[in-house]
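Here is the structure we will look at.
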Amino acid sequence: MPFVEGLRCRECARPYPAEALHVCEFCFGPLEVAYDYDAIKASITRKKVAAGPLSIWRYADLLPASPDGLDLGAGFTPLVRAERLGAELGLRDLWIKNDTLNPTGSFKDRVVTVALARARELGFKVAACASTGNLANSVAAHAARAGMRHVVFIPSDLESGKVAASAIYGEHLVSVRGSYDDVNRLCAELASDHPTWAFVNVNLRTYYAEGSKTLAYETAEQLGWEAPDHVVVPIASGSQLTKVAKGFAELVQVGLVEPSEVRISGAQATGCSPVETAFREGHDFVRPVRPSTIAKSLAIGNPADGPYALDAVRQSGGSIGAVTDDEIVEGIKLLARTEGIFAETAGGVTIATLAKLASGGVVRPHERVVAFVTGTGLKTIEAVTPVVGPTAEIDPTLESFAAAIDVDY
Ligand SMILES: *Cc1c(COP(=O)(O)O)cnc(C)c1O
Ligand SMILES: [Zn+2]
């Protein structure tokens, strides 16, 4: 990682070495990776990126780990024009970033790839995390690929698909009786007790978070090296949204994209909407809540990067919306029906929030809009089984079919 200068406190700017550190000892602010952007600008070109691997590693110059660290193929997912969904929502230029197509079915593969690649460089042999589900799936898979031991922690109320998609990799999956916020607190304690474990979103969080920037990089590259006018991003801890903003800013800084304004809007479930509440009430702080929503992957009641996400949204002129569980299911069905993409509950949150922001005029009809659909529906089947099923059950005869199904096409 020739372009990393070290780490720096986001609050007081104190410098730190590029080790497994995540909070400032002086002010407890989060640490950020600091890069030599002039050197990156002198080295990176559109052509060089385009000739790179079809994964997040095509942006290795802007990431804090080395590409030969770890690769399951995370990133470079399709950006698809969504004409039919756009027509339903009154949006002329709508696109979907389809992150359901990552190796373990969610955008978490981006952040885990970077965190574990860096963890291996730092000599860690054990991968760990506090997860709302998708993160555990991704850490377990990448650890298996890398030949690392792993211990991943989840709340005990997760969907069966997410439990199986971690357990299949054959090591420790620990189901904790409590909420994600309880799991996270436990993992913070475990991280100080087990300093040789790489908790990707605790002691490796500084590196982990950088992986989300690739969503912005890819989006701009796939639009012909132009940033969109508006992006809609789901919020759990707020890390993804914050880093998407950083990613678009960096593209301008290193000369890959012309300066332009990107509005950034956030999406939450009303059953866990602490950041949306703070936005609506005009606060800078985020008051923790106790989550109760089918969007379990977004159910973080005390979001670590909530204040930074708020800041990014406000500075960009975006908004934050929240949607009910019923609206989430409608959002999943709408995306599936119009675009052929089956998203998990977090995708339902994003699409339903997009619909709400579009009907309220916040997302404007002529904007070039990109919605980040961050996880696959096959892992949250429970959310839709009450409302979808076979049209009919028939005997294997023409008569039975004709009696059951009335079609004029
Ligand atoms: C974790 C997750 C998010 C949001 O992540 P944060 O960076 O914590 O805000 C969004 N979508 C899915 C599917 C996730 O698993
Ligand atoms: Zn500090």
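Because only heavy atoms are used, hydrogens play no part in the values below, and waters and symmetry mates are left out as well, while side chains stay in. Counting starts at 1 for both ligands and their atoms, in listed order.
- Remark: ligand 1 and G238 share an N or O pair separated by less than 3.5 Å (distance only, no angle test).
- Here S239 has heavy atoms under 4.0 Å from ligand 1 in both its backbone and its side chain.
- Near Q240, meaning under 4.0 Å from one of its heavy atoms, ligand 1 places the atoms 3 (C), 4 (C), 6 (P), 7 (O), 9 (O), 10 (C).
- Around atom 6 (P) of ligand 1, the closest heavy atom drawn from S106, S237, A209 belongs to S237.
- Centred on the Zn ion (ligand 2), the SG atom of C12 and the SG atom of C27 lie at an angle of 120°, reported to 10°.
- Between the side chain of T324 and the backbone N or O of E327, at least one donor-acceptor pair lies under 3.5 Å.
- Listed by number with element, the atoms of ligand 1 under 4.0 angstrom from any heavy atom of P234 are 10 (C).
- Taking distance alone, with nitrogen or oxygen atoms compared against 3.5 Å, K108 approaches ligand 1 more closely than that limit.
- Atom NZ of K125 is surrounded by 12 or fewer heavy atoms from other residues, nucleotides or ligands within 6.0 Å.
- Here the side chain of R368 pairs no donor or acceptor atom with the backbone of D93 at under 3.5 angstrom.
- Open room surrounds CD on E258; 12 or fewer heavy atoms of other groups in view lie less than 6.0 Å from it.
- Atom 11 (N) of ligand 1 has T374 OG1, 2.7 Å as its closest protein atom, hydrogens excluded (heavy atom only).
- Looking at N134 next to ligand 1, an N or O pair under 3.5 Å apart turns up.
- Residue contacts with ligand 1: L298 is placed with no nitrogen or oxygen under 3.5 Å of a nitrogen or oxygen of the ligand (distance criterion only).
- Note that R58 lies in the cation-pi zone of F76, set by a 6.0 Å cut-off to the ring centre and a 45° limit from the axis.
- Taking the six-membered ring for Trp and the full ring otherwise, Y35 and F3 have centroids separated by 6.0 Å or more.
- Atom CZ of R280 sits in a crowded spot, with more than 12 heavy atoms from other residues, nucleotides or ligands closer than 6.0 Å.
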